[in-house]
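Both backbone and side-chain heavy atoms feed into the values below; hydrogens, waters and symmetry mates do not.
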Amino acid sequence: MSAAPTATGGDGPVPPPRTSGLGDDAPTIDGTGAASPSIDSPAANDVAWPAGVPVAEPAEPVVADVEPGRVRWDPAERRARASQSFWTAAVGVPAIFSVLRLGVEAGGELQTTLLLVANVGPVNLLAGFLTTAARLLSTGLVAVFALGAVLAVSADRLPPGTRRRPLFARWADITPAWVVLASFLLALITWPLLYLPLLLPAFVAAFQLRPGRLHERVVPRLLLIGALLAGYGWLMLPTLRAAVQQGDELLVLALLVVPPLLALFIAGPLPGMVIRPLASVTEVAVLATLLWASVPVISTPVLPLTVTTVGPESGPTEDVRGHVVTTDDVNMVILQEQGGVRYVPVGLVRAQVLCPSEEELPRHQLRIHNFHVEDSLLEGMGRRVRPVHRIDAACRTPA
């Protein structure tokens, strides 16, 4: 048995040269066909393959049972597609909303839109969007994660491969737990106190917190549930009493009473026959709700509302109600509330006051432990630090 010579170098032995890759029927110089030996042939076994150099094993074909006419997606590819669609929506939607807000604020006029684009910086636009749209963003995330978790645990009870998992379930599967917690924390500080009880069933559904997880025995479990409901009732009792006395706050009563009871039964799984119809209905409902709720967000002004008193020093004055776009050494550019851009000479500006919009005026006269029900926790803490001042008389003047 003869060993083929090998060349040595700084990195160790070099494997012997391979045969030509022309195939087994490659002709020789004289025209006759010569078959190259394979690895399992005796001729190939006579060649000394250096130690430490791996030999590739022949690949075995992978055969998957796929129904005719259907494409079988790899689970990793499904997760990648779901992750891409989720983050595309999470990043692209705020950017689109910011651009739409400028167009709506300009009244649909191209030149006014260009004026706002030139003077409203991206940082100011992002800050304005987050302060007004954080509530909408957190609402969408909470709804997706809560519904997705219920649909996911329900789809896991079905036989494998029977049907494709719902979109919200795939989003819930690929989303880290810290993102889900962050969305609930964002909702906790940005939602009005009136709607915070809705986070209880949503949190239970998102993390599948069934009553059985409180305690394995029935009696301690019921005692824990009773204690939690009693604590919630003590927290909301003054507000509930005030809502009953006013008589026309049925919506407030429903929002404060129903969600804690719903949290006891909302965790999955659901029957298999309702998963697909429920998934389709909830996806359309969430999309329609977000579109409906996005209209106020798009129409919310980017710039603060002011009333500017304009006039000569010894003459009549005029109140210009609108949003100050920019100010230079010559003019103050005001986007008027009723439309149009007005250039006011700086020398004619006598006074200016900041005014609240109509959407900021309260509609309910209820409080939860000195917090107004229409304020968020963030707004309530801010009002304690700096209470609301009296509205200036110029703000009450009709436009």
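Note that NE2 of His372 is 8.5 Å distant from CZ of Arg383, once rounded to the nearest 0.5 Å.
Asn331 contributes no side-chain N or O that, together with a main-chain N or O of Val333, makes up a donor-acceptor pair within less than 3.5 Å. The closest donor-acceptor contact from the side chain of Thr239 to the backbone of Arg367 lies under 3.5 Å. A side-chain donor-acceptor contact under 3.5 Å links Arg135 to the backbone of Thr190. For Arg350 (side chain) and Thr309 (main-chain N/O), no donor-acceptor pair under 3.5 Å exists by modelled atom type. Glu109 places no side-chain N or O within donor-acceptor distance of the main-chain N or O of Ala106, the cut-off being under 3.5 Å.
Under the side-chain contact (heavy atoms from CB on, under 4.5 Å) test applied with Leu255, the options Leu253, Val252, Leu251 reduce to a single match, Leu251. Of the options Leu199, Leu198, Leu196, a side-chain contact (heavy atoms from CB on, under 4.5 Å) to Pro259 is made by Leu198 and by none of the others. Residue Ser183 is tested with Thr139, Leu137, Leu141, Thr175 for a side-chain contact (heavy atoms from CB on, under 4.5 Å); the sole match is Leu141. The residue from Trp191, Trp178, Phe203 that alone fulfils the ring pair (Phe, Tyr, Trp, His ring centres under 6.0 Å) condition with Phe184 is Phe203.
The two residues Thr306 and Gln352 come nearest to each other via the heavy atoms OG1-NE2, 3.8 Å. In terms of heavy-atom proximity, Pro197 sits nearest to Met236 at CG-CE, 4.5 Å. Closest of all the heavy-atom pairs between Gly148 and Ala172 is C-CB, 3.8 Å. Heavy-atom minimum distance, Ile266 versus Pro201: CG2-O, 3.6 Å.
Using the six-membered ring where Trp is involved, His369 and Trp234 have ring planes that are tilted, between 30° and 60° apart.
At a threshold of 4.5 Å between non-hydrogen side-chain atoms, the residues Arg321 and Leu305 count as touching.
Heavy atoms of other residues, nucleotides or ligands lying less than 6.0 angstrom from CD of Gln365 number 12 at most.
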Item to check | Pair Val344-Thr308, side-chain contact (heavy atoms from CB on, under 4.5 Å): steps then yes or no | outcome: CA-CA 10 Å; Val344 178; Thr308 305; 5.7 Å; no
